[in-house]
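Just so we're clear, the structure is a prediction, and the values are computed from it rather than from any experiment. In each ligand, atom 1 is the first atom listed, and ligand 1 is the first ligand listed. All values below were derived from every heavy atom in this structure, side-chain atoms included, with hydrogens, water molecules and symmetry-related copies excluded.
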Amino acid sequence: MNNNDANIRGFDITVKKIVRNSVPRVAAINDLSGFGRASLTVAIPILSSMEVQACPIPTAVLSTHTTGFKDYCMVDMTDFMRDCVSHWTSLGLSFDAVYSGFLGSAKQMDIVSDFVAAIKRNDTLVVIDPVMGDDGKTYGPITDDMVTRMRSFVGIADLITPNITEAAFLLDEPYSKKIDEQTVIDWLPRLSDMGPGVVVVTSVPSPKDSGRPSDRTSVLAYDRNDDRVWKVACDYIPAHYPGTGDAFASVLVGSILKGDSLPLALDRAVQFTTLAIRATFGYKMPTRDGIMLERVLDTLRSPVVMSSYELVR
Ligand code: PXL
């Protein structure tokens, strides 16, 4: 047995193909923020709850995430990332997905690209959450140089999950609160032209519906393979919790790896994120503490009970 064989389930003699890891395995490349429920402290419990193995590569270690906290401390992990990637590559580990989130520099994007080039098989899913900002603003450590590099970095992904602010940054379009659903539908193929076959944009305001008591927000997804656009809408809740994008993308990755279709995976990710926000909103906790993940993690074990996805095009 060579190193390559060490972590695959076996060789299926009848179909003559290598069987994937029996527990799907994800290289989760994101920062480790000690307090505030974001990035790896969200991705790891979610993936584990979905019976997916998360193997973390921390891009930075921070005392807290950067939204709503001052004087946070941060250690850059670029050198560690390079060493970790070369160790894993030399071990011949196989990954069913590479899922990258918050990166601290353009150099880190090069390291992730090299890692993907070294380990990617035909069926390896590469997901990039191009974490850069929200509400029209970049997060503290994100520089203009990183925004520029992100535009080529997303080219290696099969699937990207920008929020509406990040979609505008990727396309170099001005951000405004007036960006509407039709504008985002027009953006989707342009984002896909940057490389990824599947583009999922979150936090899209839904058209006003006078019959409804609350505003709606939605997730729109484009699949280049069949040129279809999917939408999952939910009631808008007037609070911004850092880490909700990480929860959404983590459930999406877990769900796809467990075999769900794209619209069902979107549904599951929207339902989970909405439930987590609702579980938190009734309390008077500062939004910077993040969503009360611990209260809702067990729902990831149940099948999707009600699905609400729509085909837009
Ligand atoms: O995905 C949100 C996020 C991740 N990582 C860091 C952050 C934030 C948002 O504030 O600051 C370090």
Side-chain angles (χ1 to χ4, degrees), residues 26-47 54 56-78 80-81 98-109 111-112 127-147 149-150 153-154 157 159-170 175 200-203 217 219 239-254 269-270 272-274 276-277 280 285-293:
V26 180
I29 307 173
N30 215 327
D31 70 86
L32 182 65
S33 292
F35 185 79
R37 299 190 186 91
S39 28
L40 284 177
T41 61
V42 167
I44 297 171
I46 286 179
L47 290 167
I57 304 183
T59 58
V61 178
L62 294 93
S63 50
T64 65
H65 62 68
T66 64
T67 302
F69 292 101
K70 280 197 230 134
D71 303 327
Y72 55 85
C73 50
M74 171 164 149
V75 178
D76 178 273
M77 298 296 281
T78 306
F80 169 82
M81 283 175 75
V98 176
Y99 159 35
S100 107
F102 182 92
L103 299 173
S105 64
K107 206 186 288 171
Q108 293 194 349
M109 296 184 213
I111 294 171
V112 177
V127 177
I128 293 179
D129 185 6
V131 178
M132 291 185 282
D134 204 357
D135 249 344
K137 295 184 281 289
T138 47
Y139 296 130
I142 305 291
T143 60
D144 289 351
D145 179 38
M146 288 178 66
V147 175
R149 176 68 180 92
M150 189 63 89
F153 179 57
V154 293
L159 189 162
I160 58 171
T161 58
N163 60 33
I164 192 166
T165 296
E166 291 155 348
F169 289 164
L170 285 173
Y175 173 84
V200 178
V201 179
T202 62
S203 320
T217 180
V219 169
H240 270 291
Y241 295 97
T244 47
D246 302 315
F248 173 84
S250 304
V251 177
L252 190 71
V253 170
V270 169
F272 178 79
T273 313
T274 308
I277 293 172
T280 314
M285 280 178 9
T287 53
R288 69 184 192 178
D289 288 14
I291 43 177
M292 289 176 168
L293 206 58

Review point. In the protein, which heavy atom is nearest to atom 4 (C) of ligand 1, and how far is it?
Key: D31 OD2, 3.5 Å
Review point. Who's closest to atom 7 (C) of ligand 1 heavy-atom-wise, of R288, H65, H240, M74?
Key: H65
Point to revise | T66 neighbourhood, listing ligand 1 atoms whose heavy-atom distance to it stays under 4.0 Å | key: 7 (C), 10 (O), 11 (O)
Exercise for review: Might you point out which heavy atoms bring L170 and P130 nearest each other, and give the distance in Å?
Suggested key: CD1-CG, 4.1 Å
**Study point:** Non-hydrogen atom of G245 closer than 4.0 Å to ligand 1
**Key:** no
Practice item. Measure across I29 and M81 and return the closest heavy-atom pair with its distance rounded to 0.1 Å. Key: CG2-CE, 3.9 Å
Check your understanding: Side chains of D31 and S33: is there a donor and an acceptor less than 3.5 Å apart?
Key -> yes
**Study point:** Closest heavy-atom pair and its distance - G140, T66
**Key:** N-OG1, 4.1 Å
Practice item. For T67, counting its heavy atoms only, list the atoms of ligand 1 lying under 4.0 Å from any of them. Key: 9 (C), 10 (O)
Point to revise | Residue S39 vicinity, atoms of ligand 1 by number, heavy atom under 4.0 Å | key: 4 (C), 5 (N)
Check your understanding: If you count the atoms of ligand 1 from 1 in the order shown, which ones are under 4.0 Å from a heavy atom of D246?
Key -> 1 (O), 2 (C)
Practice item. Determine the sole option in T165, N163, V147 for which the side chain to side chain contact (heavy atoms under 4.5 Å, CB included) test with M132 is passed. Key: V147
Check your understanding: Roughly how far, to the nearest 0.5 Å, is OG1 of T59 from CD1 of I111?
Key -> 10.5 Å
Review point. Short list, please: which atoms of ligand 1 are under 4.0 Å from a heavy atom of Y139?
Key: 9 (C), 10 (O)
